[in-house]
There are 2 protein chains.
Amino acid sequence: MNLVLVEPSELVDGRVVLRDPDRRVHHLRTVIKIQVGSRIRAGVVGGLVGTAEVIENGDRLVLAMSLGDAAPEPLSIELVLAIPRPKMLTRVIEAAASFGVARITLTNAWRVDKSYLDSPRLEPAVLAHAARLGAEQGATTHIPPITIHPRLMLLLDERWPAPGPGQRLIAHPGAPVLEQVVTSEPITLAIGPEGGWIQREVDTFIERGFAPVSLGTAILRVETAVAAALAQLVLLGRLRAR
Amino acid sequence: MNLVLVEPSELVDGRVVLRDPDRRVHHLRTVIKIQVGSRIRAGVVGGLVGTAEVIENGDRLVLAMSLGDAAPEPLSIELVLAIPRPKMLTRVIEAAASFGVARITLTNAWRVDKSYLDSPRLEPAVLAHAARLGAEQGATTHIPPITIHPRLMLLLDERWPAPGPGQRLIAHPGAPVLEQVVTSEPITLAIGPEGGWIQREVDTFIERGFAPVSLGTAILRVETAVAAALAQLVLLGRLRAR
């Protein structure tokens, strides 16, 4: 946790009162080992960041918030992700949220094991919690909204019925490398399941204006590919901005 | 497994004979669902890649190897990694190996929990297995050698006693971004533990010619940071080569 995130509703007169059992109280006491007078990085969900000073640490944990700094802008990247293996899902959401992606769209795909859709890890509260942990890790106040789509074609028809604005990308081994394709933002990046998209899915994405891209020669696991793709897009964004 | 890796000693007269219990036999039969006549991507550790044709699939699994293609060159990157939490260690080794890093150097550091050094996951055979799985995932025949160093200072004294040749990097949040620093290969990249290097460690690395670099604003977990750093270095290498 590199940033203690509080809800706007928790901030009253510049103070936040937390009580056990609260994950944040537990973390601040056992990992950060706060005392009265400790100052920690804090932020309001969707808002500013700054410092929280511990002014009471007994039955209640009271933080005096001093929030004056803009949080890092979310990336102009929507991640469209074929639902990964449940034990990997939480980690992938956390990683994507730590980068500050704008939103995460989970979708079924041909090579997604049907059992994955019934996983308790796909419950909205579990996903939202993973996104929050990721934001705290990445020190951003943006918690990406996450939606789940049990049918890829319906998702495409609804969101991307035809080629249109924005840079649309689909990760696919052997395709041209990212920097040959990416020229602008916002970006929609589709990453397939282990084993990849099937050709029919790739063709449909292409019909809807998605350009196939690869990250290089290595074939990466989904969790590694998500981090690698976001890292390369962030770097390309910096190079474009120069 | 995107590439079936065999040892040079297993290749006799262009054929490889595998028997249960062998992890590869199990994987080829249950996941890839091979039959006689199936052709799969294969390679020899440290050598060429090509195709393996299944010519017998009973008590023995016999593969006729046709290996004529150069494997992807290993990256000119040595990863120096503070020993991560054991449950993360195997995944990080796999990810780094899937990128094709040249070698992996694991080291103790101030913020590495002392218990990590006693983890069975640090046993050489376990690490080598993770590196092999990573190479199979990344479809490379290079399995990075891995060494373990219980004292960071001894490692630095032995390998990097003073500034010298090669691009030496230490990941450190808030430092200049990679592309402002990296100009050449080979690269040695040092990534710290959760919580980061302590300042004294950073200072020592700098004395030995390591330049602090960051990947951007977000603070990433070690496993995400390793993938992100390697991905950005691979991209910078491609851009330099143009």
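Proteins get letters first, then strands, A, B, ... in listed order; numbering begins at 1 in each.
- For B:Thr140, no part lies near chain A; criterion is any non-hydrogen pair under 4.5 Å.
- Residues B:His129 and B:Thr90 form no side-chain contact, since every pair of their non-hydrogen atoms from C-beta on lies 4.5 Å or further apart.
- With a threshold of 4.5 angstrom between heavy atoms, B:Leu220 approaches chain A through its backbone and through its side chain.
- The side-chain heavy atoms of B:Phe205 and B:His172, taken from C-beta on, include no pair separated by under 4.5 Å.
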Decide yes or no on salt bridge (Lys or Arg N to Asp or Glu O under 4.0 Å) for A:Arg85 and A:Glu194, but give the supporting numbers first. CA-CA 8 Å; A:Arg85 185 179 298 277; A:Glu194 296 298 338; over 6 Å; no
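- Residue with the most contacts toward chain B among A:Val177, A:Val226, A:Leu75, A:Leu230: A:Val177 (heavy-atom pairs, distance under 4.5 Å).
- When heavy atoms are compared at a cutoff of 4.5 Å, A:Leu235 approaches chain B by way of both its backbone and its side chain.
- Side-chain polar atoms of A:Thr105 and A:Glu78 form a donor-acceptor pair below 3.5 angstrom.
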